[in-house]
Undergrad: 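Have a look at the structure that comes next, please.
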Amino acid sequence: MSSGSPLSPHAALPRRRWERALTGGLIRAAARLRHGLRAALAHAAGPEAAEASRLLASLDQAADGLVLIGRDGRIVHASRRVPELLPTAAGLLAPGTPVERFALAAGLAPEAQETEVADPGGVWVRITRKPTADGGSVLTVSDITAQKRREAALERTNARLDAALNNMSQGLCLYDSEHRLLIANRRFYEIYRLDPAVVRPGITFPELLARSIAAGNHNPTVAKTLIAERLGFVARRESGISFQDLADGRVIAISHEPIPGGHWVVTYQDITERRRAEAQITYLARHDALTGLANRLQLRERVDQALAQRAAGARVALLSLDLDGFRAVNEAVGQPAGDQVLRQVAERLLACARDGDTVARLGGDEFAVVQVGIDKSEAASALARRLLAALAKPFVVDGQAVELGASIGVALAPEDGASHDQLLHHAQLALDQCRRERRGAIRFFTPEMDAAVQRRRTLESDLRQAIERGELQAVYQPILELASGRVSGFEALLRWRHPSRGMVSPVEFIPVAEEMGLIVPIGAWMLRRACTDAMTWPDGVRVAVNVSAIQFRDPNLVATVATALADSGLPASRLEIEITESLLLEDEAATGALLHRLRGLGVRIAMDDFGTGYSSLGYLRSFPFDKIKIDQSLIRDLDSKPDSRAIVRAIIGLGRSLGMRTTAEGVEARTVLDILRTEGCAEAQGYLFSRPCVAERVPDVLRRLTQQRVPANAAAA
Ligand code: C2E
Ligand code: MG
Ligand code: MG
């Protein structure tokens, strides 16, 4: 409440003049006379009374109401404004009324100085009492309604601000330019576990920090850093964020923001959970979820690191490891158990590695180990042997013992590569070699492996363009019917005239085309070509086309064959499809159905290369082939190896009893031909009669072989 003069702001009169004029005995006189000042003035005379009368008039003009009280505590005079402001007390303003009665009627408790006037409501007055020099006093009645309204509005705003501040998820402090705390919200106290009764506004930042240290939030040694950090922000007057690791492991992100007037807003956010999630994500990004081993990303980092830190003369080995037989195990025991096996594998690999080495899982059953701090390749082979030995012992899942093996390819830095990519690539090439040659072994990378892969790569890209560039060609090799000596047909064989390599053998490029899936368009091209060429040959001469197992997976195969026949006009009976046993290994039922559909077109089916690979008599029964082609490996040394002759005889006999013709492939010598005739082989094919020739030469070959027919038969005689 204001302690200044009750009149000065409202009555526009200098205090001294007012006092002098009114206290010059007039109040005392009026009080003694028990009637009002005006009455006293009316009796008085002289300049003082005149001045006092003027002042009295001006008191009535004042915005505040004034009540002059005599030494005896009774009212001497009330200005006109008083009853306006306090209508309830209007009747108690007569001179001589004890001031307590007035105050009571005004609704004022003895000490209260502010009251809301009952009628009309909403009006607030403040009454202040000041003693005067003559022992009396003056009551000033001021209208404070507007001020009250402002205060109420401010209070509402403050309440809202408080609510907002205290419901923030962030802690907040406002400091002044002297680092004194002005405001702190509830969350701030919660985060730092501080008592709001102790850490109160007015406390300085260093004091606050001391409280926070006492609360166990920070190690005392960090206090200096925290103060320095804060002073840094303040000195630069720039906003910034710092992170605070609290003693209990929580992490707080603190943002400092300067605001006008040299003040600072500092907000505090507990980011412990976020940090934990980030750490988890970072961990997952670098580790294999199943085994907890390093993943590809971390492997790369470790290899890069090892290469960068490699001392002169030292080596880094990258071992690429692949489990043998894991897929079968996984299928046999089920995936969850398979996962258990992989975890056990991971444990065993880790047990073999030394500190500083890294064991990674690259996916599936592929692992890698980075070996550092070695100088000789022997150290890498020793580790590889340890790894193989560790995996050789059976694994036990769900009480079941499971056997696995592994193959390992090794690449060494610096000789085999100076980067992660190169090393891993080379280690995997060595591993590939292992898998092709002998599983369960260890192979070190050699530059030839890379060269072979490079060749293969260019072969692949060249092969893609071979059809469009017209580099593929069909050549034809005659097949002779031994009984009559006539040409019963030609086998179509694929050739690739490579622009720089010359003629590439189908033995080399067909497996590549099969792996790339290119065999489907190539095979279709071959079927069309062969049928079209065969249309130019004499009626009874057939054409045999090789169809690979991959083509049998193409749902359009039957349509492709039908189209080739329709487009060329070749009768289906003149087309023979040669397939190999490997085809039947795949999916007997599906393949059988397809073969029947092909046969349904009127096409003949021959089993090629019989007597090699997995030859099973069961296949001959599962599908009634029209022809069996005995593989050249059995024919070649028919004249020198009695075993071969026995096998060939058996095959011919088998074919005869199953109603299948037999054709001998790779007949180069007349002696071999003689034996085949004796054994009753139906047909023969080989260099003895003709090498494969281009389509244009087929008529010549036919003519020559027809002319030789008599000698061919004669040989049988
Ligand atoms: P294949 O079907 O068993 O073909 C017979 C192979 O033996 C041919 O080799 C042929 O030139 C060769 N040959 C024939 N007579 C003799 C002989 O007296 N002595 C020797 N040493 N070899 C003889 P080529 O043309 O190199 O074909 C190799 C293989 O490539 C074929 O074996 C066949 O499996 C495959 N092939 C060829 N053309 C095609 C094709 O268009 N499609 C598919 N899928 N495979 C094809
Ligand atoms: Mg063939
Ligand atoms: Mg063959």
Side-chain angles (χ1 to χ4, degrees), residues 463 466-467 471-480 487 489-497 502-534 542-554 557 560-561 564 575-583 604-613 615 625-639 648 651 662-673 676 681 683-695 697 701 705:
L463 193 54
I467 305 182
E471 290 167 9
L472 295 182
Q473 192 185 22
V475 293
Y476 298 95
Q477 186 180 31
I479 301 165
L480 272 83
V487 174
F490 285 83
E491 177 173 7
L493 295 160
L494 198 51
R495 292 292 176 267
W496 179 13
R497 287 179 187 283
M503 203 64 91
V504 184
S505 161
V507 180
E508 195 179 339
F509 74 84
I510 285 191
V512 178
E514 285 179 340
E515 271 177 46
M516 294 170 69
L518 270 180
I519 193 68
V520 171
I522 290 178
W525 176 87
M526 188 61 168
L527 274 165
R528 264 199 319 276
R529 183 75 261 150
C531 291
T532 310
D533 285 343
R542 294 194 188 97
V543 67
V545 178
N546 295 281
V547 173
S548 114
I550 310 291
Q551 287 172 268
F552 269 79
R553 288 188 212 147
D554 171 23
L557 178 65
T560 306
V561 172
L575 175 63
E576 196 163 73
I577 300 278
E578 291 190 11
I579 63 160
T580 56
E581 290 166 298
S582 63
L583 170 70
R604 292 160 58 95
I605 311 286
M607 172 168 273
D608 204 354
D609 305 338
F610 192 79
T612 57
S615 291
F625 293 96
D626 298 286
K627 181 193 265 191
I628 302 170
K629 292 186 84 174
I630 308 170
D631 192 69
Q632 44 186 293
S633 60
L634 288 171
I635 304 299
R636 207 175 300 135
D637 36 32
L638 202 54
D639 50 350
V648 168
I651 296 174
T662 41
T663 303
E665 289 187 305
V667 181
E668 295 186 7
R670 189 154 288 271
T671 45
V672 168
L673 176 66
L676 289 169
C681 186
E683 291 177 338
Q685 175 184 357
Y687 293 171
L688 178 66
F689 310 109
S690 168
R691 288 184 175 256
C693 68
V694 294
R697 295 258 302 115
V701 172
L705 288 174

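Whatever order the structure lists ligands and atoms in, that order sets their numbers, starting from 1. These numbers were taken from a predicted model, which means no experiment stands behind them.
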Undergrad: Less than 4.0 Å from atom 9 (O) of ligand 1, is there any heavy atom belonging to the protein?
TA: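 Within 4.0 Å of atom 9 (O) of ligand 1, no protein heavy atoms are found.
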
Undergrad: Report the member of Glu491, Arg691, Met526, Gln632 with the shortest heavy-atom distance to atom 6 (C) of ligand 1.
TA: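 Residue with the shortest heavy-atom distance to the ligand atom: Gln632.
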
Undergrad: Any N/O of Asp609 closer than 3.5 Å to an N/O of ligand 1?
TA: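 In this structure, Asp609 places an N or O atom under 3.5 Å from an N or O of ligand 1.
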
Undergrad: Using every non-hydrogen atom in the two residues, find where Gly666 and Ile635 come nearest and quote the distance to one decimal.
TA: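 Closest pair (atom of Gly666, atom of Ile635, distance): O-CG2, 4.0 Å.
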
Undergrad: Check for me whether Gly523 has a heavy atom closer than 4.0 Å to any atom of ligand 1.
TA: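 Judged by the 4.0 Å heavy-atom criterion, Gly523 does not count as contacting ligand 1.
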
Undergrad: Under 3.5 Å between any N/O of Gly686 and any N/O of ligand 1: does that happen in this structure?
TA: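 No, no N or O pair falls under 3.5 Å.
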
Undergrad: Counting heavy atoms only, which of Pro478, Ala684, Pro506 is nearest atom 26 (O) of ligand 1?
TA: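 Closest candidate by heavy-atom distance is Pro506.
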
Undergrad: Considering only the protein, which heavy-atom contact is closest to atom 11 (O) of ligand 1, and what is its distance?
TA: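 For this ligand atom, the closest protein heavy atom is Pro692 CG, 3.5 Å.
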
Undergrad: The Mg ion (ligand 2) is nearest to which N, O or S atom of Glu578?
TA: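 Going by distance to the Mg ion (ligand 2), the closest N, O or S atom in Glu578 is OE1.
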
Undergrad: Please report whether ligand 1 has a polar contact with Ser505, defined as an N or O pair separated by less than 3.5 Å (distance criterion only).
TA: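 In fact, backbone or side chain, Ser505 has no N or O that close.
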
Undergrad: Among the N/O/S atoms of Asp608, select the one at the shortest distance from the Mg ion (ligand 2) and name it.
TA: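 Restricting Asp608 to its N, O and S atoms, the minimum distance to the Mg ion (ligand 2) goes to OD2.
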
Undergrad: For the Mg ion (ligand 2), what is the closest N, O or S atom on Glu491?
TA: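 This residue's closest N, O or S atom turns out to be OE2.
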
Undergrad: Would the distance check show the side chain of Gln477 and the main-chain N or O of Ser690 forming a donor-acceptor pair, the cut-off being under 3.5 Å?
TA: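 Side chain of Gln477 to backbone of Ser690, a donor-acceptor pair under 3.5 Å: yes, one is there.
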
Undergrad: How about atom 2 (O) of ligand 1: does it have a protein heavy atom within less than 4.0 Å?
TA: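 Yes.
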
Undergrad: Tell me whether ligand 1 is touched by Arg495 - counting only heavy atoms on the residue side and a distance under 4.0 Å.
TA: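 Arg495 counts as a contact of ligand 1 under the 4.0 Å cut-off.
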
Undergrad: What do you reckon, does Glu668 put a non-hydrogen atom under 4.0 Å from ligand 1?
TA: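 Checking ligand 1 against Glu668, which is what was asked, there is a heavy-atom contact under 4.0 Å.
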
Undergrad: I need the contact type for Arg636 against ligand 1. Using non-hydrogen atoms and a strict under-4.0 Å cut-off, is it side chain, backbone, both or neither?
TA: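 It is neither; nothing of Arg636 touches ligand 1.
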
